[in-house]
Colleague: 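Let me begin by handing over the structure; questions about it come next.
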Amino acid sequence: MSNANMIIAKKAKNDEFYTQYCTIEKELVYYKDYLKGKIVYCNCDTQESNFVKFLNDVKVSWGIKEVWHTSIQEGYPFDSDYSIDLLKKCDVVITNPPFSLFKQYIDLLFKYNKDFLIIGNVVAINYENVFYKFKNNELHYGVTIHNGHTKFITQEGCLKEVSVRWYTNMKTNI
C-alpha cells in the first residue's frame, strides 16, 4: 500500500480532529520570539486550519517571515515529495499531524533536522522512537496542556475531548 493510500485508509478510522484556535494561541505565545524571521510550515493543514489562521493573524506583529501549508486534502500528504521539498526549506514545523501516523511523522522531522511544535496523543510517549528522544533530551513537552485533556473539533463540527500533549524540540521564552 502506498503512503498516500495508507493515509486515506487511516483517515477512514476517524483520525481527523481539528485543533481549536484558543489551544494554539495559548501554546504559541511562548514561542513568539523564536518565530521571528522564520518560515513556518504547517504540513498537515489547509488554508482553513486554525494553525494557519492563527499564524497568519500574528505573522506581521510577531515578525514571522512566511507561513506555508499543505495537506492530504490538497493532494499532498506530509511524506509526499512535494511536502518533503518544502520541509527541507522551512525553519520550523507547527501542526497537528494524524495521530495514527505520529511515529512516522516524528521520524521525518528528526530525519530532516527540523525544529517543531506538534500535538500528539498522550500515549505517543510510549512509542519507542519518541521515548528515546525524550530520554536523550532531544524532545520535550510544550508549555500548556498539563493534564492531557483538550477539546478538539470533529469532522462533524462537535467538540470532543482528546488526551494530547504538545511535543517539541524548541526552547520557549519562559
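These numbers come from the heavy atoms of this one structure, side chains and all, not from hydrogens, waters or symmetry mates.
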Colleague: Look up atom CZ in F54 and atom CD in E27, then write down how far apart they are to the nearest 0.5 Å.
Modeller: 10.5 Å

Colleague: Tell me, please, which residues at least two apart from T19 pass side-chain hydrogen bond (donor to acceptor under 3.5 Å, both in side chains).
Modeller: N96

Colleague: Quick one, S83 and L86 - any side-chain contact, counting heavy atoms below 4.5 Å?
Modeller: no

Colleague: Listed by chain and number, what are the side-chain hydrogen bond (donor to acceptor under 3.5 Å, both in side chains) partners of T168, not counting sequence neighbours?
Modeller: none

Colleague: Which residues pass the side-chain hydrogen bond (donor to acceptor under 3.5 Å, both in side chains) test with E128, sequence neighbours left out?
Modeller: none

Colleague: Go through the structure and list residues passing ring-ring contact (aromatic ring centres under 6.0 Å, His included) with Y132, not counting sequence neighbours.
Modeller: none

Colleague: May I ask you to test the L35-I94 pair for a side-chain heavy-atom distance under 4.5 Å?
Modeller: yes

Colleague: Report yes or no: does R165 contribute a side-chain atom to a donor-acceptor pair with the main-chain N or O of G120 at less than 3.5 Å?
Modeller: no

Colleague: Would you please name every residue forming a salt bridge (Lys or Arg N to Asp or Glu O under 4.0 Å) with K133, sequence neighbours left out?
Modeller: E138

Colleague: The criterion is ring-ring contact (aromatic ring centres under 6.0 Å, His included); which residues satisfy it with Y167, sequence neighbours excluded?
Modeller: F102, Y141

Colleague: Can you tell me if Y82 has over 12 outside heavy atoms packed within less than 6.0 Å of its OH?
Modeller: no

Colleague: Working to the nearest 0.5 Å, report the span between CD of E48 and OH of Y18.
Modeller: 10.0 Å

Colleague: Report the residues that fulfil side-chain hydrogen bond (donor to acceptor under 3.5 Å, both in side chains) with W62, sequence neighbours left out, ordered by chain and then residue number.
Modeller: none

Colleague: Does the side chain of L108 come within less than 4.5 Å of I84's, by heavy atoms?
Modeller: yes

Colleague: For residues 51-60, which residue pairs qualify under salt bridge (Lys or Arg N to Asp or Glu O under 4.0 Å), counting only residues two or more places apart or in two chains?
Modeller: none

Colleague: I'd like to check the side chain to side chain contact (heavy atoms under 4.5 Å, CB included) partners of S71; sequence neighbours left out, ordered by chain and number.
Modeller: T46, Q73, E74

Colleague: Is F131 reachable from I118 through a run of I, L, V, M, F, W or Y residues, each pair having side-chain heavy atoms under 4.5 Å apart?
Modeller: no

Colleague: Going by the salt bridge (Lys or Arg N to Asp or Glu O under 4.0 Å) test, which pairs reach into residues 107-120, not counting sequence neighbours?
Modeller: none

Colleague: Decide side-chain contact (heavy atoms from CB on, under 4.5 Å) for L28 and L55; before the verdict, give the C-alpha distance in whole Å, the side-chain angles of both, and the deciding distance to 0.1 Å.
Modeller: CA-CA 9 Å; L28 264 64; L55 289 162; 3.6 Å; yes

Colleague: Just how far is it from atom CD1 of I119 to atom CG of L117, taken to the nearest 0.5 Å?
Modeller: 7.5 Å

Colleague: With a 6.0 Å cut-off on ring centres, are F134 and Y127 close enough?
Modeller: no

Colleague: Answer yes or no: is there a donor N or O on one side and an acceptor on the other, between the side chain of N169 and the main chain of F116, under 3.5 Å?
Modeller: yes

Colleague: Please name all residues satisfying side chain to side chain contact (heavy atoms under 4.5 Å, CB included) with Q47, sequence neighbours left out, ordered by chain then number.
Modeller: V52, N56, H69

Colleague: Can you label the angle between the F51 ring and the W166 ring as parallel, tilted or perpendicular, going by 30° and 60°?
Modeller: perpendicular

Colleague: Which salt bridge (Lys or Arg N to Asp or Glu O under 4.0 Å) pairs, counting each pair once, include a residue from residues 80-92, with sequence neighbours left out?
Modeller: D85-K89

Colleague: Using side-chain heavy atoms (C-beta onward) and a distance below 4.5 Å, is C90 in contact with W68?
Modeller: yes

Colleague: Within the structure provided, determine whether T95 and Y105 are in side-chain contact (heavy-atom separation under 4.5 Å).
Modeller: yes

Colleague: From T70 OG1 over to D45 CG, what is the distance, rounded to the nearest 0.5 angstrom?
Modeller: 8.5 Å

